[in-house]
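Here the structure is laid out as structure tokens; the discussion comes afterwards.
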Amino acid sequence: MPELPEVETIKRSLAPRLLGRTILAVEVRLPKLLAGMEPAALARRLVGQVIGGMDRRGKYLLLELAAGDRVAFHLRMSGRLVLRAAGPTEEPHAYLFFHLTGGEDLVYVDPRKFGRLYYLSAGEKLPPPLFALGPEPLGADFTPSLLAEILAGRRGAIKPVLLDQRLIAGIGNIYADEILHRAGIHPRRPAGGLKEDELRRLYDAIRGVLTEAISYRGTSKRDYVDGEGRPGDYQERLAVYGRADEPCRVCGHPIRRIVVGGRGTYFCPVCQV
DNA sequence: TAAATCCTGTCA
DNA sequence: TGACAGGATTTA
């Protein structure tokens, strides 16, 4: 579900409200969420710890504990992390509860059960999926020349490259399509074959689309809400994603849907070459 | 490079 | 009823 702008929005909505709170109890209703760890072991580690802040790496949401340990959430397709008043819940897909001081619970809800949680001890090496992440596309070190390096020599289509978290961290299916439309690049173009001006447009589109989407607090197509349960607004700004047969906002030609790298892909056959 | 897999919900 | 869904890993 959530891509970089959505995870960033959740982080911003939760961070000020979680800061300084103590975890009183942990309740796990879906053990497989824990990626190998026993529910009792997680509770042992967390109870009594004070929350020091939140961070984001790619699509991972990091809950930072005052002692230096961290909890990494990956929400995958349908995960939500929300802070709300404590109390018994029979909500069908609420699978993890952090009971906090201040009378609120941090609750993880995930109908499709794809999400995962990793406990990261202070100073410990990151587990493979986090360790292997590519650069942050909004970070200072993500430069046009770094993008050129990442794409150089790749014969595969550009869209799956944008989706590969080991190459660039945080772009998902919605924003890959939006970025390629803004850049005027066909999703099946070989990644290593872009001309210099196309590379520059792609770079600007990556930073521009992601930054704009954050300012609109993410895209809510179905499940996504921020840490307070509020949907985002960027769905109203989407140029191509989910708009098959509707007119391109730039040229009026109908948007097409194809499959690229196994993912539904929306693009304008006139604007994107 | 593609398909299967993990899951449930929604929509045509 | 079948197709599809904002993700990622494993297998062929």
Side-chain angles (χ1 to χ4, degrees), chain A residues 1-11 29-36 56-61 72-81 91-96 108-118 126-134 137 154-181 187-192 209-210 212-214 216-226 230-246 256-266:
Chain A
M1 153 186 105
E3 308 180 28
L4 186 154
E6 289 75 36
V7 179
E8 179 66 24
T9 302
I10 296 170
K11 182 196 90 180
R29 295 187 184 175
L30 184 73
K32 67 171 256 187
L33 192 65
L34 269 43
R56 179 191 61 72
R57 179 77 176 92
K59 300 173 189 172
Y60 288 85
L61 195 57
F73 291 90
H74 198 305
L75 280 42
R76 293 284 183 99
M77 294 287 263
S78 61
R80 307 176 178 199
L81 197 62
E91 183 171 344
H93 300 295
Y95 294 128
L96 177 68
Y108 182 69
V109 181
D110 189 354
R112 293 179 71 178
K113 305 178 184 172
F114 285 166
R116 288 294 178 269
L117 175 155
Y118 305 82
L126 294 176
L130 269 150
F131 175 77
L133 286 178
R154 294 188 183 275
R155 308 185 59 158
I158 181 66
K159 174 165 175 179
V161 168
L162 294 180
L163 292 176
D164 189 333
Q165 302 302 300
R166 298 166 303 182
L167 301 178
I168 304 171
I171 298 172
N173 206 32
I174 292 180
Y175 298 110
D177 285 359
E178 294 298 310
I179 286 164
L180 289 170
H181 180 264
R188 287 200 175 118
R189 283 282 297 283
V209 166
L210 295 176
E212 235 176 72
I214 291 171
Y216 280 83
R217 300 177 32 266
T219 302
S220 292
K221 290 295 283 187
R222 48 175 67 83
D223 297 311
Y224 168 71
V225 291
D226 72 7
R230 294 174 66 200
D233 291 325
Y234 197 72
Q235 61 278 8
E236 293 155 26
R237 313 280 302 181
L238 295 175
V240 288
Y241 185 83
R243 298 191 63 242
D245 303 325
E246 292 175 45
R256 281 192 57 200
R257 181 189 182 279
I258 59 176
V259 175
V260 180
R263 310 295 303 275
T265 297
Y266 300 87

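Below, chains carry the letters A, B, ... as their sequence lines are ordered, and counting in each starts from 1.
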Could you work out the separation of B:dT10 and C:dA8 based on their P atoms and round it to a whole Å?
-> 23 Å
Per atom distances to the A:Lys113 side chain, the nearest of B:dT8, C:dT9, C:dA5 is B:dT8
Next on the checklist: Give me the distance, rounded to whole Å, that separates C:dT9 from B:dG9 when you measure between the P atoms they each carry.
Outcome noted: 25 Å
message: For a quick test of reading the model: is some side-chain N or O of A:Lys32 closer than 4.0 Å to OP1 or OP2 of B:dC6?
response: no
Roughly how far apart, to the nearest Å, are C:dA5 and B:dT1 at atom C1'?
22 Å
Check: Could one point to a donor on the side chain of A:Arg112 or the base of C:dA5 with an acceptor on the other under 3.5 Å away?
Finding: yes
When you check the phosphate oxygens OP1 and OP2 of C:dA8, does a side-chain N or O of A:Gln165 lie under 4.0 Å from one of them?
yes
In short, A:Gly79 meets A:Tyr108 closest at the heavy-atom pair CA-OH, 3.5 Å
Can you find a side chain N or O atom of A:Arg154 that sits less than 4.0 Å from OP1 or OP2 on B:dT1? no
Per-residue pairing states of DNA chain C in dot-bracket (Watson-Crick or G-U under 3.5 Å; . unpaired, | other strand) read |||||.||||||
Would you indicate whether the side-chain heavy atoms of A:Glu6 and A:Tyr175 approach each other to under 4.5 Å?
-> yes
**Prompt:** Could you go step by step and tell me if A:Asp245 and A:Arg257 meet the salt bridge (Lys or Arg N to Asp or Glu O under 4.0 Å) rule?
**Reply:** CA-CA 8 Å; A:Asp245 303 325; A:Arg257 181 189 182 279; over 6 Å; no
Item to check | Stacked pair A:Phe114-C:dA8, distance under 5.5 Å, angle under 30° | outcome: no
For a quick test of reading the model: is some side-chain N or O of A:Arg263 closer than 4.0 Å to OP1 or OP2 of C:dG7?
yes
State whether A:Lys59 places a side-chain N or O below 4.0 Å from either non-bridging phosphate oxygen (OP1 or OP2) of C:dG7.
-> yes
Checklist entry - Counting just side-chain N and O atoms, does A:His93 come under 4.0 Å of either OP1 or OP2 of B:dG9? => result yes
Any heavy-atom pair between the side chains of A:Tyr241 and A:Asn173 that's under 4.5 Å?
yes
Requested in this report: Using the C1' atom as the reference point in each nucleotide, state the distance between C:dT1 and B:dC6 in Å, no decimals.
Outcome: 22 Å
Hey, are the side chains of A:Leu238 and A:Lys221 touching, using non-hydrogen atoms and a 4.5 Å cut-off? yes
